[in-house]
Peer 1: 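One structure is given below, represented as structure tokens, and several questions about it will come after.
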2 protein chains.
Amino acid sequence: MTGFLGSYLHQLDEKGRLALPASFRRSAGDAGFVLIHAYEPALYLYPLRTWAAVEERLAEFMRRQPEARGTVLSLTAAAAEVIPDKQGRILIPERLQRVASLDTEALIVGALEKIEIWNPELFKSATGEAKPEHERILRQILV
Amino acid sequence: MTGFLGSYLHQLDEKGRLALPASFRRSAGDAGFVLIHAYEPALYLYPLRTWAAVEERLAEFMRRQPEARGTVLSLTAAAAEVIPDKQGRILIPERLQRVASLDTEALIVGALEKIEIWNPELFKSATGEAKPEHERILRQILV
DNA sequence: ACACTTCCCCCCACTTTTCCCCACTCCGCC
DNA sequence: GGCGGAGTGGGGAAAAGTGGGGGGAAGTGT
């Protein structure tokens, strides 16, 4: 089973509902997701299956560096567990819509173990720059 | 089992469908493929079997160099998992047709672990130029 | 405890896209 | 010359995305 791939431009309706691509729904099984906001103007969506590992890393990190508690707390405070309705849509809390600058359209991007949700314009400007040293490594990776 | 070899000129129909050569289909088993766009004006097609290794290397790359996230994200965003229909054709998303300048004809090129899909003219100009260099490199490889 | 409000989720309906299936052609091979 | 595998093209059924209305649960205040 491969990770999440591809990008999809979907509508965010007035109720704050966002339809996940059917292929993403299938590869997540139909358990729920965890929606968080971290350092970028985007939201991250983890299927519960992979979220467990993230949670473990968070706990481990706090044990090693207690001064990081505040950082982790602000992450968990802004997080939400979301479950798709029968039409495959998740409800994005109003506060998370605001921090991600989501309006009527959202770009749903597959990022291997997680899904990212972006404002389409912000995504374009965030991924615009091509870094030569990264490209060199990519050539090695892609055989 | 050998890698993918040979090149085939096939039609890209109005619906964006491209028939894979029957021999490629056979050597991939009939699981799906992953289609990506990287630094060249061409598309790369990986059978799922070999894609898993690529994905693992990508994850490793991000662990070592977190600042490469953007590069990997634009790669996965432009990727798609494709499954041949019963006639052995894959659907190439409109966005990927554009970045690879694919019109009505596509050149399907075997490239060992993966398959490359080119605009025929672009392929000629990309591979036609560096003849002397080719010879020098090949002498080293083929003893 | 009860009425009231609010919000969420289910259901229904519609549009668009996708993909499955059938039919046809071309070519090489028996 | 027919047969079979391969590539090509298009119609129709099924699925996916979108939008809105109503019922019921949860929370609030009286």
Side-chain angles (χ1 to χ4, degrees), chain A residues 4-35 43 45 47-48 79-98 102-110 115 117-120, chain B residues 4-35 43 45 48 77 79-98 102-110 115 117-120:
Chain A
F4 295 108
L5 294 174
S7 55
Y8 304 82
L9 188 63
H10 282 183
Q11 301 305 114
L12 191 66
D13 69 22
E14 292 165 352
K15 298 178 176 181
R17 295 180 298 186
L18 182 67
L20 296 179
S23 58
F24 285 5
R25 262 180 274 155
R26 274 191 291 270
S27 71
D30 45 13
F33 295 84
V34 172
L35 186 66
L43 304 178
L45 189 67
L48 284 186
E81 184 171 351
V82 293
I83 299 175
D85 66 17
K86 288 284 168 60
Q87 277 69 19
R89 297 176 285 198
I90 59 171
L91 183 69
I92 300 184
E94 202 270 340
R95 204 172 42 72
L96 289 179
Q97 294 180 38
R98 245 182 302 117
L102 294 178
D103 188 18
T104 63
E105 290 195 320
L107 189 68
I108 304 172
V109 184
I115 297 164
I117 301 174
W118 284 79
N119 173 307
Chain B
F4 295 108
L5 297 174
S7 57
Y8 304 82
L9 188 64
H10 282 183
Q11 299 306 113
L12 191 67
D13 69 23
E14 291 167 352
K15 296 179 174 181
R17 295 180 298 187
L18 181 67
L20 296 179
S23 59
F24 285 5
R25 262 180 273 157
R26 273 191 292 271
S27 72
D30 46 12
F33 295 83
V34 171
L35 186 65
L43 303 179
L45 188 68
L48 283 187
E81 185 171 348
V82 294
I83 299 175
D85 64 18
K86 290 283 166 62
Q87 277 68 19
R89 296 175 288 195
I90 60 172
L91 182 70
I92 300 185
E94 202 267 341
R95 181 171 35 83
L96 290 180
Q97 295 180 36
R98 245 181 302 117
L102 294 178
D103 189 17
T104 62
E105 290 196 322
L107 188 66
I108 303 172
V109 184
I115 298 164
I117 301 174
W118 284 81
N119 173 308

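Within every chain, numbering begins at 1; the chains are lettered A, B, ... in the order of the sequence lines, protein sequences first and strands thereafter.
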Peer 1: For the NE2 atom of B/H10 and the CD atom of B/E105, what is their distance to the nearest 0.5 Å?
Peer 2: 10.5 Å

Peer 1: Is there a side-chain polar atom (N or O) of B/K86 under 4.0 Å from OP1 or OP2 of C/dC21?
Peer 2: yes

Peer 1: A/L48 and A/E81: side-chain contact (heavy atoms from CB on, under 4.5 Å), yes or no, with the steps?
Peer 2: CA-CA 9 Å; A/L48 284 186; A/E81 184 171 351; 3.9 Å; yes

Peer 1: Using a heavy-atom cut-off of under 4.0 Å over every strand shown, decide if A/L20 touches base, sugar-phosphate, or nothing.
Peer 2: sugar-phosphate

Peer 1: Working to the nearest 0.5 angstrom, can you tell me the gap between B/I90 CD1 and B/L43 CG?
Peer 2: 8.5 Å

Peer 1: To the nearest 10°, give me the bend of the helix from C/dA1-D/dT30 to C/dC30-D/dG1, comparing the axes of its five terminal pairs at either end.
Peer 2: 30°

Peer 1: I need the OH-P distance between B/Y8 and D/dG7, as an integer number of Å.
Peer 2: 9 Å

Peer 1: Please list, pair by pair, any protein nitrogen or oxygen found under 3.5 Å from a nitrogen or oxygen in nucleotides 13-18 of chain C.
Peer 2:
none

Peer 1: In this structure, how many angstroms lie between the C1' atom of D/dA6 and the CZ atom of B/F24, rounded?
Peer 2: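 To the nearest whole Å, that distance equals 14 Å.
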
Peer 1: Hey, are the side chains of A/P84 and A/F33 touching, using non-hydrogen atoms and a 4.5 Å cut-off?
Peer 2: yes

Peer 1: In this structure, how many angstroms lie between the C1' atom of D/dA6 and the CD atom of B/Q11, rounded?
Peer 2: 14 Å

Peer 1: So do the side chains of B/L18 and B/R89 get within less than 4.5 Å of each other, counting heavy atoms only?
Peer 2: no

Peer 1: Return no unless some side-chain N or O of A/R89 is found under 4.0 Å from OP1 or OP2 of D/dG20.
Peer 2: no

Peer 1: Any side-chain heavy atom of B/L12 within less than 4.5 Å of one from B/R17?
Peer 2: no

Peer 1: Could you give the CD1-to-P distance, from B/I90 to C/dC19, as a whole number of Å?
Peer 2: 12 Å

Peer 1: Under 3.5 Å, is there any donor-acceptor pair linking the side chain of A/R17 to the base of D/dG17?
Peer 2: no

Peer 1: Could you state the atom-to-atom distance from CD of A/E94 to P of C/dC8 in whole Å?
Peer 2: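 Taking atom P of C/dC8 as the reference, CD of A/E94 is at 11 Å.
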
Peer 1: Using atom CD of A/E81 as one end and atom P of C/dC9 as the other, report the distance to the nearest whole Å.
Peer 2: 12 Å

Peer 1: For the side chain to side chain contact (heavy atoms under 4.5 Å, CB included) test, which of A/I115, A/L45, A/I108 pairs with A/F4?
Peer 2: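 For A/F4, the side chain to side chain contact (heavy atoms under 4.5 Å, CB included) check succeeds only for A/I115.
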
Peer 1: Is A/W118 close to A/S7 at the side-chain level, that is, under 4.5 Å between some pair of heavy atoms?
Peer 2: no

Peer 1: Closer than 4.0 Å, any side-chain N/O of B/R26 to the OP1 or OP2 of D/dG5?
Peer 2: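 Checking D/dG5 against B/R26, no side-chain N or O comes under 4.0 Å of OP1 or OP2.
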
Peer 1: What is the distance, to the nearest angstrom, from the CD atom on A/E14 to the P atom on D/dG19?
Peer 2: 8 Å

Peer 1: Applying the side chain to side chain contact (heavy atoms under 4.5 Å, CB included) test to A/I117, which of A/L107, A/L102, A/V109 qualifies?
Peer 2: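 Option passing the side chain to side chain contact (heavy atoms under 4.5 Å, CB included) with A/I117: A/L102.
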
Peer 1: Let me know the distance between CG of A/L9 and C1' of D/dG17, rounded to the nearest Å.
Peer 2: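 Atom CG in A/L9 sits about 12 Å away from atom C1' in D/dG17.
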
